[in-house]
Amino acid sequence: MCCFLAGGRGFPCLEQKTHDRRRPWVLVKAASSVTTSPIGGLGATYRYRYSIPFRAHDDWIKWPESGGVVKPKPMILGKGREVLRDISPVGRLGLRNLWRYSGFGWSGRIVAGVPGSIGALPPRCPCGFISRHMECLPGFREFYPEPLPLKDAWSCDARNHLFNAWRQTARCYGFREYDGPPLEPLELYTAKSGAEIVGQLFNFVDKGDRSVSMRPEMTPTVARMIAASERAYKKPIKWFSMPQLFRYEKQQRGRLREHFQLNCDIFGESHVAADAEIIALLIDVLRRLGLDQQDFVVRLSSRQAWQRFYESRNGDPARAYEFYQVIDKIEREKPEITAEKLLALSIDVADVRKFIEAGEPTPELQAVLDNLAARGLRDYVAIDYNVIRGLAYYTGVVFEAFDRKGEFRAIAGGGRYDQLVKLLSQGKVDLPALGFGMGDVVLLELLKSRGKLPTFNAGLDCVVIIEDETLRAESLALVQELRQAGRLVEYSLTPAKGDKQLKRALELGARYTHWVLRDEAGKVVYRTRHLISRCELTGDLQSALTTSDPLR
Ligand code: HAM
């Protein structure tokens, strides 16, 4: 969520952590020292850009310094103190032009806020009944089955669609699935992940006095697992995993505090053919999801190329990672800041830009390009030395996948990290390694925006309709038989009108409905209806089972 400009007054962008909901809010700078009311109440007045005052109900105060926790007590405000005011019922006016607030004996200038009119931004809790103290934490998600209760809710069906594509493609390439613990020793990440990720750890001291962290990435875990077990496996070892990861990042589009990430890695192969194989896998995962070369590109680069560049300019070897960090941010940072940082490393910014523009592939990058061309995947990759990767452990070919329009953050990233297994095993196991991580957040946003997500329903095969309650036992027996035959089956747990049950079957997208009936002779018979063609067949139990067989 980004901040907005109020009537020409520039509002600074506030970190989302100060407010964990999706309603509009403003940050008010108090004009004088006052005691605020426990809750804002109905008396608050906001001034519109052209000084038109209007009233709104700001229903509580959030204190930025307490991380957005509600303090339902009167508080003394020093002049210049900043207070968050929730202004949910602003209605159609929106927030765009608000600039002044007054309420209960104090007033202040509105200095920042998060946009949205109340219609556009529903409360996080779809029913609105959950106490705000118990709402989902900022940057964490709830996944709902479709149809979604809110337009911007996260879909569990879409997530599973992604997981299926991830798993199927990885298996097509001969990768085997593994998993690891979600909580790890802190040191696993401080050893070699790099300063950026270490600054984003969800870490704490556990009850056994151990320094631990929720896993922010999978690579150190898999490298440790490989170091401990590589003798049991034939090389190259090709493994994949789909862990949920946790990073205390500034919440923004495409970046949350948890995400799922497909990780595919190869161990024990130093030949460049492995680099091409892993990149081809990345491309095919995205292709399986319906994206093509018009939608995304994999930008290829080389840590070694940058290392050689740095060495040839007599860069201090002890500060090489610092240099890689500057290159990693080169596209996001202001040019003058980049130039300043490079100067501090005795590197000329023009020299760096010339190297990037030339984009001359190293021999190993050329080999990757040729390998991908042989598979018909050349159009999906481009040499781009703007990429270097932020993580500290990369040593060779590195790459990142982006949407072609440049609307989103990186879809995936990875590269070769030949020293990590050795480092984690204290020199005992020396195995080359490479791989990539692909997050679900950007990918789902991209698929949604390109209309590449299918529509999801309950995917039911049949609904057993119980119209005659004297036949409930026989109907339950049919439900059981159908389920044992592998069908996805629903029925009404309690008595309900037949037409209501039929309507529900249609809503659920079922393909067949079944009825258990008695014929004129009082014998139990089974009627099956195909809901699209409305064709019906009445017969014995076996005919009911075969009629609705999806494989028929
Ligand atoms: P990474 O570039 O930090 O690499 O993350 C890979 C992908 O995970 C990103 O391109 C992005 O799609 C997603 N991602 C990362 N952080 C977030 C976040 N806060 N919210 C949502 N999505 C996120 C790694 O993690 C490496 N360990 C990948 C790797 C595997 N390298 C070799 N093997």
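We're numbering straight along the sequence, starting at 1. For ligands, and for the atoms within them, numbers begin at 1 and follow the listed sequence.
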> For atom 25 (O) of ligand 1, what is the nearest protein heavy atom, given as residue, atom name and distance?
R247 NH2, 2.9 Å
> Applying salt bridge (charged side-chain N to carboxylate O under 4.0 Å, His left out), name anything that partners R375, two or more places apart in sequence or on another chain.
E277
> Which of the atoms in ligand 1, numbered in the order shown and given with their element, are less than 4.0 Å from a heavy-atom of E249?
16 (N), 17 (C), 18 (C), 19 (N)
> List every atom of ligand 1 that sits less than 4.0 Å from any heavy atom of N263, numbering the atoms from 1 in the order shown and giving each element.
30 (C)
> Using a 4.0 Å heavy-atom cut-off, which part of L391 comes near ligand 1: side chain, backbone, both, or neither?
side chain
> Could you list which atoms of ligand 1 come closer than 4.0 Å to a heavy atom of G439?
7 (C), 8 (O), 12 (O), 13 (C)
> Which of the atoms of ligand 1 are close to Q261, meaning less than 4.0 Å from one of its heavy atoms?
5 (O), 6 (C), 7 (C), 8 (O), 25 (O)
> Is the shortest N/O to N/O distance between I411 and ligand 1 below 3.5 Å?
yes
> Nearest heavy atom to atom 27 (N) of ligand 1 wins, so pick from R215, E217, R416.
E217
> Side chains of E311 and Q307: closer than 4.5 Å at any heavy-atom pair?
yes
> How long is the span from the CD1 atom in I388 to the CD atom in E400, to the nearest 0.5 Å?
10.5 Å
> Within 45° of the six-membered ring axis of F246 and under 6.0 Å from that ring's centre, is NZ or CZ of R215 located there?
no
> Looking at atom 21 (C) of ligand 1, what's its closest protein heavy atom, distance included?
G254 O, 3.4 Å
> Y417 to ligand 1: N or O pair under 3.5 Å?
no
> As an exercise, identify every atom of ligand 1 less than 4.0 angstrom from a heavy atom of T219.
26 (C), 27 (N), 29 (C), 30 (C), 31 (N), 32 (C), 33 (N)
> To the nearest 0.5 Å, how far apart are CG in L300 and CZ in F399?
8.0 Å
> Evaluating non-hydrogen atoms only, which member of H259, Q251, E400 is closest to atom 23 (C) of ligand 1?
H259
> How far is atom 4 (O) of ligand 1 from its nearest protein heavy atom, and which residue and atom is that?
R389 NH2, 2.9 Å
> Looking at V441, which atoms of ligand 1 are within less than 4.0 Å of one of its heavy atoms?
21 (C)
> To the nearest 0.1 Å, how far is atom 11 (C) of ligand 1 from its closest protein heavy atom, and which atom is that?
A410 O, 3.6 Å
> Any salt bridge linking R287 with D284? Criterion: basic side-chain nitrogen under 4.0 Å from a carboxylate oxygen.
yes
> Could you verify whether a donor N or O on one side chain and an acceptor N or O on the other, from R404 and Q294, lie under 3.5 Å apart?
no
> Whether E230 and K235 form a salt bridge (side-chain N of Lys/Arg under 4.0 Å from carboxylate O of Asp/Glu) is what I want to check.
yes
> What residue and atom, counting heavy atoms only, is the protein's closest point to atom 28 (C) of ligand 1, and at what distance?
G437 N, 3.4 Å
> My understanding is that only one of F323, Y324, Y321 makes a ring-ring contact (aromatic ring centres under 6.0 Å, His included) with W306; could you say which?
F323
> Can you confirm whether more than 12 heavy atoms, excluding those of K422, are under 6.0 Å from its NZ atom?
no
> Can you check which of F408, Y394, F436, F399 brings a heavy atom nearest to atom 31 (N) of ligand 1?
Y394
> Counting the benzene-type ring for Trp, do F408 and F402 have ring centres under 6.0 Å apart?
no
> Could you find the nearest protein heavy atom to atom 20 (N) of ligand 1 and give me its residue, atom name and distance?
L256 N, 3.0 Å
> By the definition ring-ring contact (aromatic ring centres under 6.0 Å, His included), identify the one residue from F260, F143, F240 that meets it with F163.
F260
> Which ligand 1 atoms does Y393 reach within 4.0 Å, using its non-hydrogen atoms?
26 (C), 27 (N)
> G413 heavy atoms, cut-off 4.0 Å: which ligand 1 atoms fall inside?
10 (O), 28 (C)
> Looking at atom 33 (N) of ligand 1, what's its closest protein heavy atom, distance included?
D265 OD2, 2.8 Å
> Taking atom CD of E187 as the centre, does the number of heavy atoms from other residues, nucleotides or ligands within less than 6.0 Å exceed 12?
no
> Specify the protein heavy atom at minimum distance from atom 18 (C) of ligand 1: its residue, its atom name, and the distance to 0.1 Å.
R255 CD, 3.4 Å
